[in-house]
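Have a look at the structure below before the remarks.
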Amino acid sequence: MSEPPPSVTTQESPEAPRRPQPMERAGQTGRAVINSIVEGSPAVVTFLAIVAALFLGALLIAFTNDAVLHAWGQFFSNPGNAFAQAWDAVFAAYRAMFDGAIVSPATVAAAFHGGSVGAIFYPISQTLSDATPLILTGLSVAIAFRAGLFNIGAAGQWIGGAIVAGYLGFAVSLPPVIHVIVCLLGGIAGGAVVGWVPGELKARTGAHEVIVTIMLNYVMYNLLSYLLGTPKALQAPGQSNLISPNIAANAQLPHVGGPPPAVDAGFLVALAAAVAVGWLLNRSTIGFQFRTVGANPSAARSAGISVERAWVLVMAIAGALAGLSGASVIQGSAVHAITFNSYGTYGFDGITVALLGRAKPWGVVLAAILFGALHAGGTTMQAATSVPTDISQVIQGLIVLFVAAPPLIRVIFRLRHAQAGSMEAVAKGWNG
């Protein structure tokens, strides 16, 4: 008899993972969006912080208006008029701010009737122009944050860059494109030297960067005053005021799209700097060392990373970015000379921009554009409605306050606590 053929055992292949259908993917995306809103993700918290700041700003606008106060004095006899007056005051102020920061419908309508087309883009170009130095000083503070340092000295580093860029702009004669590049590089070098000093002192002596950078700001203020008051240094010939000669036309940054808009090529330089900082922090070995030192200097030292070298290098880079901000303003389309007030509040505004942007390059860019819009729009708002520009500064402060206090936003808007902390190690900068 022939034996039966051996039984063949087949091994079932594991089932391939089923791909979610389009409707399922849409449902998962929708649930993720809803969860991020309900739990209060960092982006949602930031957006709600802006909303809360604008709401409080609206209350300030309304209840500092004489007509509104008069109407609310007669609230019980005519409540509708009280609310209408408050709404009209707030709407007029915020509309004027929008017209001065983004686009004015009047200029669009005028363009269709033979008016200037360039006037349509003037508000947004003014916003971008105001945002340009804030992007660079914000990046200066942000990159130091990521390495665990608190750079309060962006103002002094700004002055260092402006001094070198301004001097090269009026004292050196070069071809057009080369002259612009040389001045920008000079601004980077001048700021880097001023930033290197506190980094070197911290690495060698343990001196706290906050104290050193604050004191160095005053050193640079007085140095600028001395140079602008010395005829053989930076003071313009025949002048008794603290002002330098205008830089040469070859050293001025060109406009983007032509003269009518206020923005110049400095905005493109600032965007390129943001890309470079993003690559440095997230794609390079040096950036990994910065982030490791910022997270835990002791662990970084145990892993063989030179913490002191990282401190020196990151402060030099931070100074270079702030110095580039100074060069962009001096070479920009509005100001072509150094004055004692040229540094303005760029350095300290960079701190708030870095905080609002959560020390991330593109967050810093968006935060700077927001602050630039508030500044540009605030000027138009004051001219159109007599609401002081101080309101825009109050709104900026409220935004930073709310962003720095996520639990307060969650309480106000009744959000659940997010699983991950919303302020992602922005400033371990008081490590000492």
Side-chain angles (χ1 to χ4, degrees), residues 136-164 185-223 273 276-326 343 347-348 350-351 354-355 359-361 364 424-432:
L136 293 166
T137 54
L139 290 172
S140 171
V141 177
I143 195 171
F145 274 158
R146 300 299 292 271
L149 301 180
F150 206 158
N151 180 23
I152 309 293
Q157 296 151 15
W158 191 102
I159 292 173
I163 288 174
V164 178
L185 293 177
I188 292 173
V193 170
V194 180
W196 167 82
V197 172
E200 187 70 20
L201 289 175
K202 183 175 180 66
R204 290 184 177 274
T205 67
H208 204 290
E209 75 278 2
V210 171
I211 305 300
V212 176
T213 50
I214 289 176
M215 294 298 101
L216 197 55
N217 283 341
Y218 290 99
V219 172
M220 296 305 298
Y221 296 156
N222 287 282
L223 176 62
V277 171
W279 178 86
L280 178 69
L281 288 175
N282 301 315
R283 300 289 183 181
S284 69
T285 303
I286 295 175
F288 173 77
Q289 293 176 357
F290 288 168
R291 290 184 286 113
T292 304
V293 170
N296 192 325
S298 299
R301 189 175 283 108
S302 300
I305 296 175
S306 175
V307 176
E308 289 75 17
R309 176 179 174 273
W311 285 339
V312 175
L313 186 56
V314 77
M315 286 303 298
I317 295 175
L321 290 167
L324 182 59
S325 175
Y343 55 84
F348 293 101
I351 299 174
L355 289 173
K360 296 181 179 179
V364 168
E424 178 192 341
V426 174
K428 290 180 175 281
W430 298 91
N431 65 346

* So how far is it from Arg146 CZ to Thr292 OG1, rounded to the nearest 0.5 Å? -> 11.0 Å
* Asked: If we only count heavy atoms from C-beta on, is the Lys202 to Met315 side-chain gap below 4.5 Å?
  -> no
* Structure fact -> Shortest non-hydrogen pair, Val164 vs Gly186, comes out as CG1-O, 3.2 Å
* **Taking every non-hydrogen atom, the tightest pair across Pro297 and Val307** => O-CG2, 3.5 Å
* Does a side-chain heavy-atom distance below 4.5 Å link Ile317 with Leu280? -> yes
* Step through the shown structure and confirm whether more than 12 heavy atoms of other residues, nucleotides or ligands are within 6.0 Å of CZ on Phe288. => no
* Tyr218 OH to Thr213 OG1 distance, which is reported to the nearest 0.5 Å -> 11.0 Å
* To do: Give, for atom CG of Leu136 and atom CD of Gln157, the distance between the pair rounded to the nearest 0.5 Å.
  => 12.5 Å
* Asked: If every non-hydrogen atom of Val141 is compared with every non-hydrogen atom of Ala154, which pair is closest and at what distance?
  -> CG2-CB, 4.4 Å
* To do: With the side chain counted from C-beta on, respond yes when Asn217 and Tyr343 share a heavy-atom pair under 4.5 Å apart, and no when they do not.
  => no
* Side chains of Phe150 and Ile351: closer than 4.5 Å at any heavy-atom pair? -> yes
* Which distance, rounded to the nearest 0.5 Å, do you find between the OG1 of Thr137 and the CZ of Phe348? -> 11.0 Å
* Structure fact -> Note: Val314 and Leu149 closest approach over all heavy atoms is CG1-CD1, 3.7 Å
* Structure fact -> Closest non-hydrogen atoms of Phe290 and Ala310, given as atom of the first, atom of the second and distance, are CE2-O, 3.6 Å
* Val364 and Ala354: which non-hydrogen atoms are nearest, and at how many Å? -> CG2-CA, 4.2 Å
* Can you tell me how far CE of Met220 sits from CE of Met215, rounded to the nearest 0.5 angstrom? -> 14.5 Å
* Interatomic distance, Leu139 atom CG to Leu321 atom CG [nearest 0.5 angstrom] -> 6.0 Å
